[in-house]
*Asks:* 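Quick one: this structure, given as structure tokens, is what I'll be asking you about.
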Number of protein chains: 2
Amino acid sequence: MRIGELSRRSGVPVPTIKFYVREGLLPAGRLTSPNQASYDDGHERRLRLIRALLDVGGLPLAAIGEVLRVMEDPEQPLFDVLGAAAKSIAPSRGGDPGSELEDAREDVAELLKRKGWLCEAGSPGGESLAEVLVALRRAGHGSFVELLDDYAAAAEEVARADLDYVGRRVAREDLVEGVVVGTVLGEAMFAALRRLAHVDASARAFGEEARG
Amino acid sequence: MRIGELSRRSGVPVPTIKFYVREGLLPAGRLTSPNQASYDDGHERRLRLIRALLDVGGLPLAAIGEVLRVMEDPEQPLFDVLGAAAKSIAPSRGGDPGSELEDAREDVAELLKRKGWLCEAGSPGGESLAEVLVALRRAGHGSFVELLDDYAAAAEEVARADLDYVGRRVAREDLVEGVVVGTVLGEAMFAALRRLAHVDASARAFGEEARG
DNA sequence: GCTATCCGATAGTGGAACTATCTAGGATGG
DNA sequence: CCATCCTAGATAGTTCCACTATCGGATAGC
């Protein structure tokens, strides 16, 4: 197919497709003549993945590029694919390190020990968590961390479900994509469900009269 | 205190504070003379909240402004504060509505019925969820929705914990802030925990050798 | 009086994600 | 074989967002 059809099928404008090719997010089409190229289903699939990660996952294009590069490389151990997906999500906010972050990192390490989780506190997730704890304290809501254990228990459940999902895939390509999609879109899915659960929980707690 | 000290205490540059005042995110200081103003702890607190929502929550300033406006208005029912916080998070992506979204909305309605949740499918959370389902299907990972029920169960747990947290607050101001912080930063906290849980779960499933 | 700081206003910056335009060439129906 | 539309590749421009810089006065505190 030519770029016009790819655009029609995927819903992405032609100039945007060209832009993604320039940015290295999408492989160029196979040239059939100096100014004519053909695209296949792989391009369409890739394009849909990019849009999903961008629109729903909210990842910046640069992060999407990194994830795709790791995904594509068959040399990369699967473990690193998961790591890359996780790392790309982290907004990587900068700020003065300070002792607050140190304290938070210790809290994270304690949590991991308490739960017996097999991961280091220095991993991307651990760093993100420490940053969240710092932000909570700086915003005057340090007591929110009391919910850490409840949250962790729920996260464990979700992670089990996620792993079950990717475990069902056989081809490496599918598996890798499953990890990425699961990590990124799963986050959005859970966030939406959590908001719905909030509505339900507060309707039950405060009663229907709170709506009027 | 004057703006310089506010800046030092909060870690936000003076021009940025002025910018936030211009944008209506932060009330102006109390003028003590035509070109001199004084700021108090409330300003500092507000500033920390803005930075937390911006840096960790990733909310755009416009959304933060809306949330703050709802928070400040004592006329607003608490229920709406939660709604505003939830709505602001939704990335509000636009695209052709299509029948895909209709189908997804039905799936959401079915889920709510199945779980017996007291909320309408048309709420912000429901719309977000429907959009995620559409994105999953468009990306060729429609089977990921099989995890919906597991995710929903975990979301229920988290929501219970959240409500417990805000329920402990007495003053309306604190309560409202608790809702906002809980909604926004709680999401980031859970996301980080989920990534840690992924590492743990895959370490257990694939064994330690997967690291090398 | 002197220097650091401040107020308010206006204009400029840099990054992200496109979008527009242009040239030169190819595809295709009649 | 010609008119019309499509295409590749290149360059430049746009929009939005979150700041950041600069300026002309005025004030604080010694």
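So that the names make sense, note that chain A is the first sequence line, chain B the second, and so on, each numbered from 1. Predicted model only: the values in this text are computed from it and were never measured.
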*Asks:* Between B:Glu44 and B:Arg48, is there a salt bridge with N-O shorter than 4.0 Å?
*Replies:*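 Answer for the salt bridge query: yes.
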*Asks:* When the distance from CD1 of A:Ile3 to C1' of C:dT19 is rounded to whole Å, what number comes out?
*Replies:* 14 Å
*Asks:* Find the distance A:Leu26:CG to C:dC18:P and express it as a whole number of Å.
*Replies:* 13 Å
*Asks:* Please report the distance, rounded to the nearest Å, between CD in A:Glu66 and P in C:dA16.
*Replies:* 12 Å
*Asks:* Tell me: CE of A:Met1 to P of C:dA27, nearest whole Å?
*Replies:*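 A:Met1 atom CE is separated from C:dA27 atom P by 18 Å.
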*Asks:* Tell me, for nucleotides 18-30 of chain D in 5' to 3' order, what letter each nucleotide earns: B for a base near a protein heavy atom under 4.0 Å, S for only sugar-phosphate near one, - for neither?
*Replies:* SBB----BBSS--
*Asks:* Hey, does A:Asp41 have a side-chain heavy atom less than 4.5 Å from the side chain of A:Met1?
*Replies:* yes
*Asks:* What is the distance from CD of B:Glu23 to C1' of C:dT10, rounded to the nearest Å?
*Replies:* 14 Å
*Asks:* Donor-acceptor pair, distance only, cut-off 3.5 Å: does the side chain of B:Asp40 make one with the backbone of B:His43?
*Replies:* yes
*Asks:* For A:Glu5 and D:dA8, give me the distance from atom CD to atom P, rounded to whole Å.
*Replies:*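 Computing the A:Glu5:CD to D:dA8:P distance gives 13 Å.
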*Asks:* Going by heavy atoms in the side chains, are A:Leu61 and A:Phe19 under 4.5 Å from each other?
*Replies:*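 Yes; the side chains approach each other to less than 4.5 Å.
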*Asks:* Just to verify, what does A:Arg2 make a side chain to side chain donor-acceptor pair (under 3.5 Å) with, not counting sequence neighbours?
*Replies:* A:Gln36
*Asks:* Is the distance from OP1 or OP2 of C:dC7 to the nearest side-chain N or O of B:Tyr39 less than 4.0 Å?
*Replies:* yes
*Asks:* Who are the side chain to side chain contact (heavy atoms under 4.5 Å, CB included) partners of B:Val166, not counting sequence neighbours?
*Replies:* B:Leu163, B:Val179
*Asks:* Using whole Å, what does the distance between atom P of nucleotide D:dT7 and atom CZ of A:Arg30 come to?
*Replies:* 15 Å
*Asks:* Whole angstrom is fine here: how far is it from CG in A:Leu6 over to C1' in D:dA8?
*Replies:* 14 Å
